[in-house]
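The structure appears right after this line, and notes come after that.
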Amino acid sequence: MKTHVQKWGNSLAVRIPKSFAEGMGIGNNAPVEMSLEEGALVIKPDRDRAWDLDTLLAEVTDENIHSEWETEEPAREES
């Protein structure tokens with residue numbers, strides 16, 4: 001597929017076709033890793049940073065949940 005590079009603010013942008021994004025398993029706001037390999041731009045899903053709140057909360061158990069902690073008294077009218 002051939003396409004064009006377009007200006008986006010002070011950067012340049014290339015749109016990722018829907019079929020390519022689906023093939024990579026990424027969607028809107030997905031974390032990706034970009035690198036240059038032998039003069040080619042390579043974009044890969046960043047699976048190390050791919051998480052969401054539901055996934056994180058599923059890991060919370062009675063054994064690893066943190067209890068409350070006390071802080072200093074409110075300053076002025078913060079209470």
Side-chain angles (χ1 to χ4, degrees):
M1 167 183 281
K2 293 187 179 185
T3 188
H4 295 275
V5 175
Q6 298 176 326
K7 187 167 177 58
W8 188 9
N10 289 330
S11 301
L12 297 175
V14 176
R15 290 183 185 218
I16 300 173
K18 182 179 180 181
S19 60
F20 285 25
E22 288 173 347
M24 293 172 62
I26 63 171
N28 186 42
N29 261 347
V32 295
E33 180 181 336
M34 293 192 317
S35 61
L36 282 175
E37 296 181 13
E38 298 180 17
L41 174 63
V42 177
I43 301 173
K44 298 177 184 177
D46 186 352
R47 302 288 183 221
D48 292 337
R49 292 189 335 155
W51 52 265
D52 60 43
L53 183 58
D54 290 333
T55 302
L56 294 174
L57 290 176
E59 299 296 321
V60 175
T61 66
D62 289 338
E63 290 77 34
N64 68 13
I65 193 165
H66 297 276
S67 60
E68 296 177 358
W69 67 88
E70 293 293 325
T71 60
E72 297 177 7
E73 290 294 318
R76 293 173 285 208
E77 299 180 28
E78 293 179 350
S79 57

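All of these numbers come straight from a predicted model, not from anything done at the bench.
- With rounding to the nearest 0.5 Å, the separation of CD1 in Ile26 from CZ in Arg47 is 8.5 Å.
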For Leu41 and Met34, run side chain to side chain contact (heavy atoms under 4.5 Å, CB included): C-alpha distance rounded to whole Å, both residues' side-chain angles, the deciding distance at 0.1 Å, then the answer. CA-CA 7 Å; Leu41 174 63; Met34 293 192 317; 4.3 Å; yes

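- Using a 4.5 Å cut-off between side-chain heavy atoms of Ile, Leu, Val, Met, Phe, Trp and Tyr, Leu12 falls into a hydrophobic cluster with Val5, Val14.
- We find the CE-OG distance between Met1 and Ser19 to be 6.0 Å, quoted to the nearest 0.5 Å.
- Across every non-hydrogen atom of Ala21 and Ile16, the tightest pair is N-CG2, 3.8 Å.
- Looking only at distances, a side-chain donor or acceptor of Lys7 sits under 3.5 Å from a matching main-chain atom of Gly9.
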Given Val42 and Leu36, is the side chain to side chain contact (heavy atoms under 4.5 Å, CB included) satisfied, shown in steps? CA-CA 6 Å; Val42 177; Leu36 282 175; over 6 Å; no

Taking it one step at a time, do Ile43 and Met24 satisfy side chain to side chain contact (heavy atoms under 4.5 Å, CB included)? CA-CA 10 Å; Ile43 301 173; Met24 293 172 62; 4.2 Å; yes

In residues 53-64, what donor-acceptor pairs under 3.5 Å come from side-chain atoms, sequence neighbours left out?
from	atom 1	to	atom 2	distance (Å)
Thr55	OG1	Asp52	OD1	2.8
Thr61	OG1	Glu63	N	3.3
Thr61	OG1	Glu63	OE1	3.4
Thr61	OG1	Asn64	N	3.2
Thr61	OG1	Asn64	OD1	3.4
Asn64	OD1	Thr61	N	2.7
Asn64	ND2	Glu59	O	3.0

